[in-house]
Amino acid sequence: MDALSHSGAIMKVKLLHDPNNKRSRGPRPTTRIPIRPRRRIPPAKFAVKSDAQKQDHRYYHHQEIDFSDPNWKPKFQRDFENRFRLPHLTDIFPDAPTIPSTFCLKMRTPVTGDFADWYPSDEKWHGYINNSDRVLLKVIHYSSPTSAGAECIDPDCTWVEQWVHRAGPREEIYFKPEEVKAAIVTCGGLCPGLNDVIRQVVITLEIYGVKKIVGIPFGYRGFSDNELTEMPLSRKVVQNVHLSGGSLLGVSRGGPGISEIVDSMEERGINMLFVLGGNGTHAGANAIHNECRKRRLKVAVVGVPKTIDNDILLMDKTFGFDTAVEEAQRAINSAYIEAHSAYHGIGIVKLMGRSSGFIAMHASLASGQIDICLIPEVPFHLHGPHGVLRHLKYLIETKGSAVVCVAEGAGQNFVEQTNARDASGNTVLGDIGVHLQQEQS
């Protein structure tokens with residue numbers, strides 16, 4: 001896909017030859033396939049662990065809870081709700097007036113006062129979401145910490161309902177569409193689907209009746225660089241943009257200070273900002289939100305997580321993930337062909353994902369060509385009777401070849417750790433692919 005090929009980063013597929021075969025000695029071939037830059041938005045961890053279970057990976061730490069307290073469950077639920085509470089305009093403007101929503105899927109043009117009760121028909125549309133609607137986060141009641149995939153809050157795996165807000169259009173809104181100037185900005189690295197998101201935001205804003213929509217060029221930098229002018233956006237401008245890779249608006253890392261960004265927003269009259277980006281970008285968006293609250297500005301800041309890693313809590317699937325899995329198939333197929341064409345060949349495919357293994361797992365399942373899949377979520381041993389190397393030896397003896405898919409964040413306890421960080425502030429991971437190559441050799 002174009003969105004992937006524009007990034008310039010590289011994913012390597014190494015074919016490992018049997019060291020005992022003299023004909024296989026010499027340079028090892030490498031197939032290079034474009035893939036997107038490394039980045040990650042870590043999933044929020046909400047469960048906690050007891051003192052007795054601190055070394056058990058099935059327990060996830062948020063805060064220490066006194067399980068001897070008979071009221072620990074409602075206390076945990078209140079804490080959970082507070083941490084997932086959405087900031088709202090009424091936090092600063094409690095008496096902010098509302099108007100009936102101008103969004104309705106019954107008609108694709110903005111609703112106006114010409115309709116009875118502001119609705120496009122005599123009957124009200126029942127497609128809005130009530131503010132009290134909630135979605136159950138966990139749907140599996142684990143009876144034991146030893147159950148497959150169990151994520152427990154306490155040692156007894158007590159069932160605790162965890163509810164989160166339901167997304168969707170509300171019946172009342174706080175901004176008059178004719179008074180809105182919405183801005184869209186894309187930051188960080190490229191990701192498949194950026195233009196799709198830009199397109200849908202613009203089209204949805206127009207359905208609400210918003211006329212003034214602009215794009216900020218090249219990330220947060222566009223707020224301060226006088227040589228960069230905002231780009232007017234409309235349905236006509238973005239109609240076919242989803243057919244191209246990259247970002248219509250351009251991307252960049254870093255940018256001016258928060259005060260300078262908010263000053264620029266005030267000067268331009270922007271009162272609705274849509275931010276597409278990763279960790280650092282959303283940290284900036286949160287800081288912009290706080291600065292607007294501090295200045296008591298009626299501004300809405302909307303964050304759209306950008307990650308192919310699919311590692312965002314509360315989201316079923318992040319945009320770009322499907323493309324990443326599809327592109328990985330070419331690398332896996334190349335490794336499979338080369339490994340099975342060589343005497344005792346072992347192909348190793350290292351895929352992106354930072355500290356999550358969704359891409360590696362889904363790509364392995366989809367390909368049907370992977371013998372071993374290693375992901376960060378599941379600890380493993382290299383040596384010993386149940387180690388990866390022992391199983392590789394078994395595969396070579398029985399099948400004659402093998403293909404391994406490993407997520408880049410897997411097995412970091414086997415590689416040398418550094419304090420180095422990349423341009424986005426993420427810790428540079430050790431190369432588990434090279435380590436596996438050296439170990440099996």
Side-chain angles (χ1 to χ4, degrees), residues 41-96 98 128-147 149-174 275 279 282-294 296 298-305 307 310-318 355-356 377:
I41 299 179
K45 294 181 178 179
F46 53 87
V48 300
K49 58 187 177 184
S50 67
D51 291 338
Q53 299 289 343
K54 287 185 177 180
Q55 302 302 320
D56 193 330
H57 70 275
R58 294 187 299 270
Y59 294 84
Y60 295 85
H61 176 71
H62 168 64
Q63 66 175 16
E64 295 301 332
I65 290 182
D66 181 9
F67 295 115
S68 62
D69 183 352
N71 296 318
W72 73 265
K73 284 180 60 176
K75 289 181 179 179
F76 175 85
Q77 288 176 315
R78 285 195 298 270
D79 175 70
F80 181 86
E81 291 175 2
N82 289 335
R83 285 184 286 115
F84 283 92
R85 180 185 178 276
L86 298 177
H88 197 270
L89 195 67
T90 54
D91 295 341
I92 304 300
F93 304 100
D95 298 324
T98 62
Y128 298 110
I129 303 299
N130 191 287
N131 286 332
S132 299
D133 287 356
R134 295 294 185 269
V135 178
L136 188 62
L137 181 62
K138 295 291 183 179
V139 296
I140 300 178
H141 181 189
Y142 296 104
S143 61
S144 169
T146 59
S147 296
E151 295 180 359
C152 302
I153 297 172
D154 69 330
D156 296 325
C157 236
T158 304
W159 170 253
V160 180
E161 293 180 350
Q162 297 164 356
W163 299 93
V164 294
H165 290 269
R166 185 185 179 194
R170 265 49 178 179
E171 191 169 1
E172 294 184 333
I173 56 179
Y174 290 81
V275 181
N279 272 3
H282 278 74
N286 187 55
I288 293 172
H289 162 72
N290 290 332
E291 181 66 18
C292 290
R293 287 170 60 104
K294 180 181 177 181
R296 297 186 62 81
K298 189 179 179 182
V299 175
V301 181
V302 181
V304 182
T307 171
N310 198 39
D311 56 354
I312 307 296
L313 187 67
L314 311 187
M315 299 187 72
D316 293 328
K317 187 182 294 183
T318 58
S355 296
S356 65
E377 292 86 345

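Arg170 is linked by a salt bridge (Lys or Arg N to Asp or Glu O under 4.0 Å) to nothing, counting only residues two or more places apart in sequence or in another chain. In this structure, the side chain to side chain contact (heavy atoms under 4.5 Å, CB included) partners of Asn130, at least two apart in sequence or on a different chain, are Ser132, Asp133. For Phe93, there are no ring pair (Phe, Tyr, Trp, His ring centres under 6.0 Å) partners at least two apart in sequence or on another chain. Looking at residues two or more places apart in sequence or on another chain, you find a ring pair (Phe, Tyr, Trp, His ring centres under 6.0 Å) between Trp159 and His141. Partners of Arg134 under the salt bridge (Lys or Arg N to Asp or Glu O under 4.0 Å) rule, at least two apart in sequence or in another chain, do not exist in this structure. Asp91 meets the salt bridge (Lys or Arg N to Asp or Glu O under 4.0 Å) test with Arg85, Arg293; sequence neighbours excluded.
Remark: Lys298 NZ is packed, more than 12 non-hydrogen atoms of other residues, nucleotides or ligands lying under 6.0 Å away.
Between Phe84 and Phe80, the ring planes are tilted. Angles from 30° to 60° get that label.
The structure places OG1 of Thr98 at 11.0 Å from CG of Leu89, a figure rounded to the nearest 0.5 Å. The line from NE2 of His165 to CD1 of Ile129 is 13.0 Å long, rounded to the nearest 0.5 Å. We find the NE2-NE2 distance between His282 and His289 to be 13.0 Å, quoted to the nearest 0.5 Å. The distance from the CD1 atom of Ile65 to the CG atom of Asp154 is 9.0 Å, given to the nearest 0.5 Å.
Closest heavy-atom contact between Ser356 and Glu377: CA-OE2, 3.2 Å. The nearest pair of heavy atoms linking Thr146 to Ser144 is OG1-OG, 2.8 Å. Closest of all the heavy-atom pairs between Asn310 and Thr318 is OD1-N, 3.0 Å. In plain terms, the two heavy atoms of Ser147 and Tyr142 that are nearest each other are CB-CD2, 4.0 Å.
In this structure, the side chains of Phe76 and Gln162 come closer than 4.5 Å at one or more pairs of heavy atoms. Within the 4.5 Å cutoff, side-chain heavy atoms of Trp72 are placed close to those of Ile153. Pro145 places a side-chain heavy atom less than 4.5 Å from the side chain of Cys157.
Under the 4.0 Å criterion applied to side-chain N and carboxylate O atoms, Lys75 and Asp79 are not assigned as salt-bridge partners.
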### Message
Test side chain to side chain contact (heavy atoms under 4.5 Å, CB included) on Leu136 and Trp163; report intermediate values, then the result.
### Response
CA-CA 5 Å; Leu136 188 62; Trp163 299 93; 3.6 Å; yes

